[in-house]
Amino acid sequence: MDKIIVGLKRVVDYNVRIRVKPDGSGVATEGLKMSVNPFDEIALEEALRIRERGEAREVVVVSIGPEDCQQQLRTGLAMGADRAVHVPHDGDLEPLAVARILLGLVTREAADLVILGKQAIDDDCSQTGQMLAALWDRPQATFASKLETSGTTARVTREVDAGLEVIEVDLPAVVTTDLRLNEPRYVKLPDIMKAKKKPIESVTIASLGVDPAPRLRTLHHEPPAPRQKGVMVKDVDQLMGTLRERGVLG
Ligand code: AMP
């Protein structure tokens with residue numbers, strides 16, 4: 001295969017405890033550590049391994065969002081991506097808009113495989129890959145925990161509720177990654193330095209003919225209720241009694 005495209009979303013780092021803005025209008029992100037969405041790092045790692053096995057020629061990373069997304073693209077280049085494409089956009093972007101933008105890029109690049117995360121850890125939507133496959137009219141293999149490619153097909157082991165499911169899809173296709181697919185490599189300092197000098201291509205949303213306006217309106221954000229303190233019980237009898245007292249058991 002020739003080309004793999006990987007989506008890298010800039011998200012608040014998974015170690016950071018996020019806070020809802022006091023007026024409930026959203027999540028406060030100012031000054032917080034931002035990172036590549038963890039599932040997207042897995043996506044890039046998998047793409048690099050496919051290329052390193054000689055089964056693909058080029059890996060292109062794409063990020064849609066504010067200027068600062070270039071930091072995440074540089075991480076992608078430092079990991080080993082061949083090229084980076086930034087699609088600038090300030091403000092909210094819904095999965096449908098991201099999928100339409102990716103469709104424009106994927107068509108333009110004539111990609112053979114698109115690997116995305118199974119979900120972005122900020123919005124937890126888990127929609128973009130599925131929407132892209134539908135818009136592109138190509139197969140999708142979501143929640144991948146193993147990915148084997150041959151020239152024209154991909155064999156994907158999927159993590160489903162009942163266990164594992166193995167499917168084969170024709171390429172081009174969209175694959176989304178689950179946690180167990182691989183463990184991404186560490187980025188080495190010399191590679192970070194080298195990545196700083198690599199060019200990042202900028203493609204406007206307008207040139208792709210996409211209207212990025214949100215279709216949904218979020219009315220209010222609220223933090224989850226604080227967790228109640230736990231109770232220690234001596235034995236199973238006391239546990240059953242406590243559960244009965246609280247009406248959990250009949
Ligand atoms: P979501 O549907 O929002 O949970 O996102 C699923 C996946 O789509 C992410 O793991 C990314 O691979 C990709 N994606 C979503 N938003 C973006 C973005 N703004 N830029 C690049 N890739 C994205």
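No hydrogens, no waters, no symmetry mates; every other heavy atom, side chains included, goes into these values. Just so it is clear, the model here is predicted, and its values are computed rather than measured. Counting starts at 1 for both ligands and their atoms, following the listed order.
- Within ligand 1, counting atoms from 1 as listed, the ones closer than 4.0 Å to a heavy atom of Ser126 are 1 (P), 2 (O), 4 (O).
- Atom numbering of ligand 1 starts at 1 in the shown order; those under 4.0 Å from a heavy atom of Val62 are 21 (C).
- Taking every non-hydrogen atom of Gly7 and a distance limit under 4.0 Å, the qualifying atoms of ligand 1 come out as 12 (O), 22 (N).
- Among all protein heavy atoms, the one lying closest to atom 10 (O) of ligand 1 is Asp40 OD1, 2.5 Å.
- Nearest non-hydrogen protein atom to atom 6 (C) of ligand 1 is Gly117 O, 3.5 Å.
- Through chains of ILVMFWY side-chain contacts below 4.5 Å, Val236 is grouped with Val233, Leu239, Met240, Leu243, Val248, Leu249.
- Neither the backbone nor the side chain of Thr176 has a heavy atom within less than 4.0 Å of ligand 1.
- Listed by number with element, the atoms of ligand 1 under 4.0 angstrom from any heavy atom of Asp123 are 1 (P), 3 (O), 4 (O).
- The backbone and the side chain of Leu116 each have at least one atom closer than 4.0 Å to an atom of ligand 1 (non-hydrogen atoms only).
- Gln72 and Ser63 share no side-chain donor-acceptor pair at under 3.5 Å.
- Within ligand 1, counting atoms from 1 as listed, the ones closer than 4.0 Å to a heavy atom of Gln127 are 2 (O).
- With distances taken over non-hydrogen atoms, the option nearest atom 8 (O) of ligand 1 out of Val36, Thr128, Leu132, Ile101 is Thr128.
- Using a 4.0 Å cut-off between heavy atoms, Leu102 makes no contact with ligand 1 at all.
- Ranking the protein heavy atoms by distance from atom 18 (C) of ligand 1 puts Ile64 O, 3.7 Å first.
- A distance-only check finds no donor-acceptor pair linking the side chain of His221 to the backbone of Asp23 [under 3.5 Å].
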Would you check, one step at a time, whether the test side-chain contact (heavy atoms from CB on, under 4.5 Å) holds for Leu113 with Ile50?
CA-CA 11 Å; Leu113 178 62; Ile50 294 170; 4.1 Å; yes
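- Residues Leu116 and Leu93 are members of one and the same hydrophobic cluster, defined by side-chain heavy-atom contacts under 4.5 angstrom among Ile, Leu, Val, Met, Phe, Trp and Tyr.
- Closest approach of Asp112 to Lys3, counting heavy atoms only: OD2-N, 2.7 Å.
- Close approach to Cys125 involves these atoms of ligand 1, each under 4.0 Å from a residue heavy atom: 1 (P), 2 (O), 3 (O), 4 (O).
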Using the rule given for salt bridge (Lys or Arg N to Asp or Glu O under 4.0 Å), can you reason through Lys9 versus Asp123, listing the C-alpha separation, both sets of side-chain angles and the distance that settles it, and then say yes or no?
CA-CA 11 Å; Lys9 187 174 188 187; Asp123 59 22; 3.2 Å; yes
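- Distance from atom 14 (N) of ligand 1 to its nearest protein heavy atom, with residue and atom name: Val98 CG1, 4.1 Å.
- Using a distance-only test at 3.5 Å, with no hydrogens or angles considered, no donor-acceptor pair links the side chain of Asp40 to the main chain of Ala43.
- A donor-acceptor contact shorter than 3.5 Å links the side chain of Asp82 to the backbone of Val59.
- For atom 16 (N) of ligand 1, the nearest protein heavy atom (residue, atom name, distance) is Lys9 CD, 3.4 Å.
- A salt bridge does not link Glu94 with Arg215: none of the charged nitrogens is closer than 4.0 Å to a carboxylate oxygen.
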